[in-house]
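Report on one structure; see the data block that follows.
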Amino acid sequence: MTSAQVDQQSDGQGAVRAEGGEGEGYQRGLGSRQIQMIAIGGAIGTGLFLGAGKGISKAGPSLILAYAIAGFVIFLIMRALGELLMYRPVSGSFSEYAREFIGPFAGFVTGWTYWLFWVVTGITEVTAAAAYMTYWFSIPQWASALIFTIVLYAANLISVKLFGELEFWFSMVKVTAIIGMILICVGILTLGFSDAGKTASVGHLWNEGGFFPHGVGGTLMTLQMVMFAFLAVELVGVTAGESKDPRKVLPKAINTVPWRIAVFYVGALIMILSVVPWTEFHAGVSPFVAAFQKMGLSVGAGIVNFVVLTAALSSCNSGMYSTGRMLRDLALNSQGPKFFTKLTPSGTPLVGTTFSAALMLVGVWINYQWPGKAFDYVVSFATISGMWAWIVILICHIRYRRLSDRGVLPRSEFRAPGAPYASVFALLFIGMVIVLMGIDKDARVSLYCAPLWGLILGVSYAVLKRRNPEAAAFAKR
C-alpha cells in the first residue's frame, strides 16, 4: 500500500479519509497540555494505588525491579506506536494499522477486542467508583454509578475538548497524590518526623529477608500484575486524530514514558518501602493507606479513597472516549453497523458512545444483581484483551519498519530505537507474561475466555464478508 493510498483511503461512503482529524470528521480539540496529562494518567491507575499491595506481599522489594523491567518494555511498545503514529496519525490507531499491515480480519479483531476491553473496564471502574462513594455518603451504589455514567457520557458528547479537560484534572489529582507521598517519605527519611521517623530506613529494601524474599520466581509471577497496571498507556494513540498538532505533541508525550514510570512507580515504591517494611503490606490493602497509617496521618485513608475514586472515573472517562471512536472506525471500514459513523455537530461519535455507555449501565446492573464468578471471568478477560492491542502494535511496527526500510512506505520522522529487534524483544516478553498467566491459577481464567471471544469474532466476520464479499474492507491491502 503506497503512501498516496494511505492518505486517500475511502470510507466506503464516497468520502475520502485523510490522515486524521478533520479528514475523519473529528475536530482537533486536544492540546499539548491535555495530551501530556492523558499520557501520564494512562500509566497511573488503581493497579498502583490498590493492586501494588498484592504485588509487594508476593515479591517484596523486588517488585520495584519488576516495574522497572516492565516499564522498559512499555516504553518500547510506545515508541513503536509513536513511529506508526508519525507515519499516519489516525483516530482508529492500532485497529487501522492492523488492517493495513496484517490484514482485514486482524483489524476487525483488534477494533472489536479493544472496544470490549474498554466497555468491560468502564463497567468495573464505574462500579468501583460508586463503591468508593460510600466512604463518605450513605447512598445506593447503583445511584452513584448511574450519575457518574450519565455525567461522563454527556461530557464526551459535548466536545473532545471537554473530555480532555476532565482527563487533565483527573490525571492531575493522581500525579499530585504520588508526588506528595514521595515528598513526605523523603522528609521522613531525612528529617525523621512523624510516627514512622524512628524506624524509616532505605535498609528495609534488603534487610527484611533480602531484595528477593520469595526468590526470583516470586518476582516473575508478579509480572502479570505489573503489566496489567500499565494497561491503557496506549490510549494516547487513539487521540491521534483529534490532537491539534499530533506530529509535535505525540512524540513529546511518548518520550515522557521513562520518567513517568521512574517517578510514579519505581520512585514511589522505593520511598514507601523505605518508610514501611514490605512485610506490613497485604493483598487488598493499598500501600498508600498503609504508609499513611504508619506515619500516624489519620486523613490518609480519606485521601487515598479520593484518589482511587478519581482514578476509577478517569478510566471510565477514557472508556467512553475510546469505545465510540473504535466503533466508528469499524463502521467506516464496513466492519460494523453504518449507524456507528454518525457524529454530533461538535464532531464526537454519537451512536458509538451512546451504545457503549448503555452497555456500561447494563453491566453495572448485572454486577449489582449477580456479582458472581461469571462476571469475574468477563472482567479477567479484559486483561488479555488489553495486551492484544500491544501485540498488534508491535507486529504492525515490525512490518512497517521492513516496508519503510525497503522504500515501499515513507520513513517515519519518529523512529523507534533498536527496531525491529526491540519490538521482537517486547513481543517475546509479552509472550512470557502470557505463559506466566497460564501457570497462575488466579490469572489463567483470562486465557479461557479468549478462544470463545475469538470464535464469536470469527463467525461474525464470516457473516459480514458473505453479505458483502466485494467490500474493500475485506480485501487484503
Side-chain angles (χ1 to χ4, degrees), residues 21 24-42 44-46 91 93 114-115 117-130 132-133 139 141-176 232 235-244 249 306-329 340 342-364:
E24 298 176 87
Y26 298 118
Q27 296 180 5
R28 295 196 180 277
L30 296 175
S32 176
R33 172 178 62 90
Q34 295 162 325
I35 293 293
Q36 289 293 329
M37 290 308 272
I38 288 172
I40 292 173
I44 307 172
T46 52
S91 186
S93 193
Y114 198 64
W115 168 81
F117 162 69
W118 275 113
V119 167
V120 173
T121 300
I123 290 171
T124 57
E125 295 290 12
V126 78
T127 304
Y132 299 147
M133 286 294 291
I139 57 176
Q141 288 190 30
W142 67 265
S144 297
L146 178 63
I147 292 171
F148 287 144
T149 303
I150 291 175
V151 170
L152 294 177
Y153 165 70
N156 272 268
L157 283 191
I158 291 172
S159 71
V160 68
K161 185 176 181 180
L162 183 55
F163 155 77
E165 203 62 31
L166 277 175
E167 202 57 30
F168 174 86
W169 290 108
F170 284 151
S171 297
M172 183 65 76
V173 170
K174 294 185 285 186
V175 169
T176 302
L235 179 67
V236 68
V238 183
T239 69
E242 294 169 275
S243 303
K244 289 182 179 178
V249 172
F306 176 71
V307 173
V308 294
L309 169 65
T310 302
L313 292 177
S314 172
S315 183
C316 189
N317 189 42
S318 298
M320 291 278 188
Y321 173 85
S322 58
T323 52
R325 273 107 188 130
M326 279 296 167
L327 288 179
R328 185 167 186 267
D329 176 73
F340 285 139
K342 184 174 178 57
L343 295 172
T344 65
S346 60
T348 59
L350 174 61
V351 181
T353 304
T354 302
F355 177 70
S356 301
L359 283 182
M360 289 180 189
L361 282 177
V362 171
V364 170

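Just so you know, these numbers use all the heavy atoms, side chains as well, and skip hydrogens, waters and symmetry mates. In what follows, residues are counted from 1 in the order of the sequence shown.
Going from atom CE of Met360 over to atom CG of Leu152 covers 9.0 Å, rounded to the nearest 0.5 Å. For the atom pair OG of Ser144 and OH of Tyr132, the computed distance is 13.5 Å after rounding to the nearest 0.5 Å. Atom CG of Leu166 is separated from atom NZ of Lys161 by 13.0 Å, given to the nearest 0.5 angstrom. Distance OG1/Thr127 to CD1/Ile123: 7.5 Å, rounded to 0.5 Å. Here CE of Met133 is found 10.5 Å from CZ of Phe306. Values are rounded to the nearest 0.5 Å. Atoms CG and CD, from Leu313 and Glu167 in turn, are 10.0 Å apart once rounded to the nearest 0.5 Å.
Checked against side-chain contact (heavy atoms from CB on, under 4.5 Å), Ile147 has the following partners two or more places apart in sequence or in another chain: Val151. In this structure, the side-chain contact (heavy atoms from CB on, under 4.5 Å) partners of Ile158, at least two apart in sequence or on a different chain, are Leu162.
Closest heavy-atom contact between Ser322 and Tyr114: CB-CE2, 4.4 Å. Pairing each heavy atom of Ala130 with each of Ala145, the nearest pair is CB-N, 3.7 Å. Of all heavy-atom pairs spanning Glu125 and Ser315, the tightest one is CG-OG, 3.3 Å.
With respect to Cys316, the side chain to side chain contact (heavy atoms under 4.5 Å, CB included) criterion is satisfied by exactly one of Thr121, Val126, Thr124: Val126.
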Do any side-chain atoms of residues 350-357 form donor-acceptor pairs under 3.5 angstrom with protein atoms, and if so which ones, sequence neighbours left out?
unit_1: Thr353; atom_1: OG1; unit_2: Pro349; atom_2: O; d: 2.7
unit_1: Thr354; atom_1: OG1; unit_2: Tyr153; atom_2: OH; d: 2.7
unit_1: Thr354; atom_1: OG1; unit_2: Leu350; atom_2: O; d: 2.6
unit_1: Ser356; atom_1: OG; unit_2: Trp115; atom_2: NE1; d: 3.0
unit_1: Ser356; atom_1: OG; unit_2: Thr323; atom_2: OG1; d: 3.3
unit_1: Ser356; atom_1: OG; unit_2: Gly352; atom_2: O; d: 3.0

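For the pair Asn317 and Tyr321, the minimum side-chain heavy-atom distance is 4.5 Å or more. In this structure the side chain of Trp118 never reaches within 4.5 angstrom of the side chain of Met326, judged on heavy atoms. Between Met320 and Leu157, the closest side-chain pair of non-hydrogen atoms is not below 4.5 Å.
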